[in-house]
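One structure is given here, and the rest of the page talks about it.
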Amino acid sequence: MVRKNLKKISKSEKLKEFIKKYKVAPEYLSTNRRMVSRAVLIGLFIAFIPMPMQMLLVLAMMPFFKFNVPIGLAMCWLSNPFTMPPMYYMEYMTGAFLLGSEPLEVEMTLEWFSKNLDDIFIDLYTGTLFYSVVGSLSAYWLVNYFWRGSVERDKKLHRHDRKS
């Protein structure tokens, strides 16, 4: 379903006009399996990193990797003001567990995290590395798996329709 919707959007005249007007390289808007799965990988990897301006980091990846930039930007929106405190808490507790350190008493506010960043930095970024790698690679694999499944289902339906 998502694959078909992406194909419809990519054929849009408005999108073609936008690309022409702003001289956007078309490969950064490509909606094939590789470009979408790379975008999910990069966007989610960056989404788990506690830092400001994550979208700029996604854009900074453009010269090094070819991926669907709008999807990559959308994936980094996973971390937003509502999801940041629970994400950072989960990352901090995971990092403390992995390093075997005693976690501090946590308040679920961005203010607490910013005040205690010096004390929790190593634990937080250890958990961040864990979730960035595991989460983004899992999402990359899932996108590929479901995309291929979708293509196979379409092929079977197409073959069945030709026989009928």
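What you are looking at is a predicted structure, and each value in this text was computed from that prediction instead of being measured. Hydrogens, waters and symmetry mates play no part in the numbers below; they use all other heavy atoms, side chains included. The residues of the chain are indexed from 1 along the displayed sequence.
Between Leu124 and Leu117 the shortest side-chain heavy-atom distance falls below 4.5 Å.
For the side chain to side chain donor-acceptor pair (under 3.5 Å) condition, the pairs that include at least one residue of residues 84-95, sequence neighbours left out, are Glu91-Thr128, Thr94-Tyr131.
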Taking only distance into account, with no hydrogens and no angle test, what donor-acceptor pairs under 3.5 Å do side-chain atoms of residues 97-105 form with protein atoms, sequence neighbours excluded?
residue, atom, partner, partner atom, Å
Ser101, OG, Asp123, OD1, 3.1
Ser101, OG, Asp123, OD2, 2.8

List the atom pairs, donor and acceptor, that lie under 3.5 Å between side-chain atoms in residues 34-48 and the rest of the protein, sequence neighbours left out.
residue, atom, partner, partner atom, Å
Ser37, OG, Arg33, O, 2.8
Ser37, OG, Arg34, O, 3.2
Arg38, NH1, Lys66, O, 3.1

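When the ring-ring contact (aromatic ring centres under 6.0 Å, His included) test is applied to Trp77, no partner is found at least two apart in sequence or on another chain. For Leu73, the side-chain contact (heavy atoms from CB on, under 4.5 Å) test picks out Met55, Val58, Leu59, Val69, with sequence neighbours left out.
Using a 4.5 Å cut-off between side-chain heavy atoms of Ile, Leu, Val, Met, Phe, Trp and Tyr, with links allowed through other members, Tyr125 and Met90 fall into the same hydrophobic cluster. A continuous path of hydrophobic side-chain contacts links Val133 to Met93 [ILVMFWY only; heavy atoms under 4.5 Å]. Each of Tyr140 and Phe146 belongs to its own hydrophobic cluster when Ile, Leu, Val, Met, Phe, Trp and Tyr are linked at side-chain heavy-atom distances under 4.5 angstrom. The hydrophobic cluster containing Val134 also contains Leu137, counting ILVMFWY residues as joined when their side-chain heavy atoms lie under 4.5 angstrom apart, directly or transitively.
Remark: Cys76 SG to Met61 CE distance equals 11.5 Å, nearest 0.5 Å. We find the CD1-CG distance between Ile120 and Asp118 to be 9.5 Å, quoted to the nearest 0.5 Å.
When hydrophobic residues (I, L, V, M, F, W, Y) are linked wherever their side-chain heavy atoms come within less than 4.5 Å, Phe82 remains an isolated member.
Within a 6.0 Å sphere centred on CE of Met53, other residues, nucleotides and ligands contribute 12 heavy atoms or fewer.
Between the side chain of Thr83 and the main chain of Asn80, a donor-acceptor pair closer than 3.5 Å is present.
Salt bridge status for Lys115 with Glu111: present, with a side-chain N to carboxylate O gap under 4.0 Å.
Asn68 and Ile71 make their closest contact through OD1-N, 3.1 Å (heavy atoms, listed as atom of the first residue, atom of the second, distance).
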